[in-house]
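Each remark here refers to the structure printed beneath this line.
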Amino acid sequence: IAKLAANFALVGGRSVGLITVDTYRIAAVEQLKTYAEIIGLPVHVAYSPKDLQEGLTKLRDRDLVLIDTAGRSQNNYLQIAELKNYLEDLDAEVHLVVSATTKPSDVDEIITAFGQLPIDRVIVTKLDETNAYGVILHACDRAKAPLAFVTTGQGVPEDIDVANSEKIAQLILGDA
């Protein structure tokens, strides 16, 4: 989310706000707050769906509000239900994030589990950690959603790119 925020704010010149509901991972909030401070963005921490709505109200003057959620296992149905509860009444575009290193059978499980959420777009991360890129097409096909972004490393904001069909085709066909 920091890569997206930095890209939209610093490169795109948009007024961005951040909300995080990732209060589970140790230091996740602090890490996001550090990035936000560097970029100069406001951050709201939401511990409940009500807090999320309050954050959206506080940030309504922003061009774009990005909501960070904790990574969830497709096998933890309770956590997926909790995430669904947060997203239920939002008018938001939902991006499913999948690692390029994920096996196709696991992608199928992920899409089945997260398919109860409205998946609008897919983001594929960690292209720098694999030489096999078929998961990009597989994830988009299974989610019935287009690819929005790909990431290629740990750098913020430089290691994120808007999906480019020509570059993706070159990766998959092995011409890159």
task: Go through the steps for Leu32 and Ile1 under the test side chain to side chain contact (heavy atoms under 4.5 Å, CB included), then give the verdict.
output: CA-CA 8 Å; Leu32 187 60; Ile1 205 88; 3.4 Å; yes
Of all heavy-atom pairs between [X] and [Y], which one has the smallest distance, and what is that distance?
{"X": "Arg121", "Y": "Glu93", "answer": "NE-OE2, 3.3 Å"}
{"X": "Ser99", "Y": "Thr125", "answer": "CA-OG1, 3.4 Å"}
{"X": "Val107", "Y": "Ala139", "answer": "CG1-CA, 3.8 Å"}
{"X": "Asp22", "Y": "Thr20", "answer": "N-OG1, 3.0 Å"}
{"X": "Pro146", "Y": "Cys140", "answer": "C-SG, 4.1 Å"}
{"X": "Val156", "Y": "Ala2", "answer": "CG1-O, 3.8 Å"}

Interatomic spacing from [atom1] in [X] to [atom2] in [Y] - rounded to 0.5 Å:
{"X": "Glu109", "Y": "Gln74", "atom1": "CD", "atom2": "CD", "answer": "5.0 Å"}
{"X": "Lys33", "Y": "Ile38", "atom1": "NZ", "atom2": "CD1", "answer": "14.5 Å"}
{"X": "Arg142", "Y": "Ile119", "atom1": "CZ", "atom2": "CD1", "answer": "13.0 Å"}
{"X": "Thr151", "Y": "Leu127", "atom1": "OG1", "atom2": "CG", "answer": "6.0 Å"}
{"X": "Ile172", "Y": "Lys167", "atom1": "CD1", "atom2": "NZ", "answer": "14.5 Å"}
{"X": "Lys58", "Y": "Asp51", "atom1": "NZ", "atom2": "CG", "answer": "8.5 Å"}

If you count heavy atoms of other groups shown closer than 6.0 angstrom to [atom1] of [X], is the number above 12?
{"X": "Glu37", "atom1": "CD", "result": "no"}
{"X": "Glu166", "atom1": "CD", "result": "no"}
{"X": "Gln154", "atom1": "CD", "result": "no"}

query: For Ser15, which of Asp61, Asp63, Leu41 qualifies under side chain to side chain contact (heavy atoms under 4.5 Å, CB included)?
result: Asp63
field: Derivation of the side chain to side chain contact (heavy atoms under 4.5 Å, CB included) call for Val65 and Leu18
entry: CA-CA 6 Å; Val65 177; Leu18 294 171; over 6 Å; no
Between [X] (side chain only) and [Y] (backbone N and O only), is there a donor and an acceptor less than 3.5 Å apart?
{"X": "Arg62", "Y": "Leu59", "result": "no"}
{"X": "Asp161", "Y": "Ala163", "result": "no"}
{"X": "Thr130", "Y": "Lys126", "result": "no"}
{"X": "Thr34", "Y": "Glu30", "result": "yes"}
{"X": "Tyr86", "Y": "Val21", "result": "no"}

Worked check of side chain to side chain contact (heavy atoms under 4.5 Å, CB included) between Ile160 and Leu4: CA-CA 8 Å; Ile160 189 167; Leu4 288 170; 3.5 Å; yes
Among the clusters formed by ILVMFWY side chains lying less than 4.5 Å apart, do [X] and [Y] turn up in the same one?
{"X": "Leu96", "Y": "Leu117", "value": "yes"}
{"X": "Leu83", "Y": "Ile67", "value": "yes"}
{"X": "Val94", "Y": "Ile80", "value": "yes"}
{"X": "Val162", "Y": "Val150", "value": "no"}
{"X": "Ile123", "Y": "Leu64", "value": "yes"}

message: A side-chain contact here means heavy atoms from C-beta on lying under 4.5 Å apart; do Gln53 and Leu90 qualify?
response: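 Result yes, sub-4.5 Å side-chain heavy-atom pair found.
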query: Is the closest side-chain heavy-atom distance between Leu56 and Ile19 below 4.5 Å?
result: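 They are in side-chain contact.
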message: Applying side chain to side chain contact (heavy atoms under 4.5 Å, CB included) to His138 and Asp108, what does each step give before you reach the verdict?
response: CA-CA 9 Å; His138 188 77; Asp108 292 343; 2.7 Å; yes
field: NZ/NE/NH1/NH2 to OD/OE distance under 4.0 Å, Lys3 and Asp159
entry: no
query: Parallel under 30°, tilted from 30 to 60°, perpendicular over 60°: which one fits the rings of Phe149 and Phe8?
result: perpendicular
